[in-house]
Amino acid sequence: MQPDLQGLEISPGELRHLSGVDPTEVFRPTILHNAKERWSFFLQECLLSLALTPIIIGLLHVFVILPLIGGSLPVTLITLVLVPIIVIAARWFLLQRNSPVALCCLLDEVDRYNAVIKAIHINDQLEAAGTTEMSLSDRQKVIEALTLTREDLLKALRAERILRDNKNFLVGNPELLATNLRTLQTLQVHDRASEYGRLLNEALQIATGVQEEMAKLQNKR
């Protein structure tokens with residue numbers, strides 16, 4: 001990866017530090033649009049439920065059912081039915097509690113942002129192999145746009161976390177909700193139909209989405 005791309009990507013560890021939650025524990029409705037991610041999510045939840053169910057049933061049987069009721073087959077059967085349902089319901093509740101709408105939208109924008117960086121890296125590899133030729137000035141404009149977009153994404157993630165923890169803090173710190181969208185809109189490439197033109201437009205769309213989420217956060221103050 002080229003030196004100017006290194007450090008631009010937003011890693012899961014950085015997301016965890018900024019948002020205060022594990023990104024993998026945030027349920028985003030957009031994952032249901034992707035068949036692979038959808039099945040992976042459901043499989044993960046089913047495996048977790050299957051792993052927790054026998055542990056909970058065993059504890060209930062030893063510490064509650066046997067001391068209070070004794071060996072009762074009907075109670076055991078009812079427990080076998082109810083515990084998986086309770087586990088799934090509790091898991092769903094925790095996912096919803098840890099998945100604010102604003103955070104989900106910002107994480108989706110981060111995924112789009114990281115995808116643009118990977119696309120540039122692929123273009124660099126193709127250019128190095130001599131299979132394509134790109135404008136260096138256009139590439140630099142996209143890198144500049146991504147740098148500004150990264151600043152906005154990090155700022156939005158911090159603001160979203162602050163709003164979750166202290167809704168009144170943003171009232172006295174409006175600079176936390178400022179974005180670089182106007183600066184991004186001034187960036188132009190020589191050929192908008194080129195790959196870098198498409199990537200610059202993608203960066204602008206991401207920045208616009210971030211600004212919309214920042215505006216929503218501002219309205220929640």
**Fill in**
Value for CG (L106) from CG (D111), rounded to nearest 0.5 Å, stands at 11.5 Å
**Prompt:** Quick one: do L5 and Y113 end up in the same hydrophobic cluster if we chain Ile, Leu, Val, Met, Phe, Trp and Tyr together by side-chain heavy atoms under 4.5 Å apart?
**Reply:** yes
**Message:** Quick check: closest heavy atoms across A203 and L146, and the distance to 0.1 Å?
**Reply:** CB-CD2, 4.2 Å
**Prompt:** Would L60 end up clustered with L77 when hydrophobic side chains under 4.5 Å apart are linked, directly or stepwise?
**Reply:** yes
**Asked** What's the spacing between C46 SG and R91 CZ if we round to 0.5 Å?
**Response** 11.5 Å
**Asked** Which distance, rounded to the nearest 0.5 Å, do you find between the CG of L126 and the NE2 of H121?
**Response** 10.0 Å
**Asked** Does any N or O in the side chain of R161 come within less than 3.5 Å of the main-chain N or O of H17, such that one atom is a donor and the other an acceptor?
**Response** yes
**Message:** Whether the side chain of R28 engages the backbone of L107 through a donor-acceptor N/O pair (distance < 3.5 Å, no angle test) should be reported.
**Reply:** yes
**Prompt:** If you round to the nearest 0.5 Å, how far is OG1 of T147 from CG of L8?
**Reply:** 5.0 Å
**Prompt:** Looking at side-chain heavy atoms only, is the closest gap between I86 and V83 below 4.5 Å?
**Reply:** no
**Complete:** Test salt bridge (Lys or Arg N to Asp or Glu O under 4.0 Å), reference R150, set E14, E144, E9, output is E14
**4.5 Å side-chain heavy-atom contact, T79 and H61** = no
**Asked** Would you say the side chain of I143 lies within less than 4.5 Å of the side chain of I120, judging by non-hydrogen atoms?
**Response** yes
**Item:** CD-CG distance between Q44 and L47, expressed to the nearest 0.5 angstrom
**Value:** 8.5 Å
**Prompt:** Side chains of L157 and L103: does their closest heavy-atom pair fall under 4.5 Å?
**Reply:** yes
**Message:** Using the rule that Ile, Leu, Val, Met, Phe, Trp and Tyr join whenever any side-chain heavy atoms are under 4.5 Å apart, tell me whether I56 and V64 fall into a single cluster.
**Reply:** yes
**Request:** Rounded to the nearest 0.5 Å, what's the gap from OG1 on T53 to CG on L48? Could you check?
**Result:** 9.0 Å
**Same apolar cluster (I L V M F W Y, side chains within < 4.5 Å links), I78/L80** = no
**Message:** Testing the basics here: between L153 and V210, what is the closest heavy-atom pair and its distance to 0.1 Å?
**Reply:** CD2-CG2, 3.3 Å
**Prompt:** Is it true that E109 and R112 have a side-chain N and a carboxylate O under 4.0 angstrom from each other?
**Reply:** yes
**Asked** Hey, any chance I55 and F63 share a hydrophobic cluster, counting ILVMFWY side chains that come within less than 4.5 Å of each other, even indirectly?
**Response** yes
**Request:** Decide side chain to side chain contact (heavy atoms under 4.5 Å, CB included) for N114 and I117; before the verdict, give the C-alpha distance in whole Å, the side-chain angles of both, and the deciding distance to 0.1 Å.
**Result:** CA-CA 5 Å; N114 285 336; I117 293 176; 4.3 Å; yes
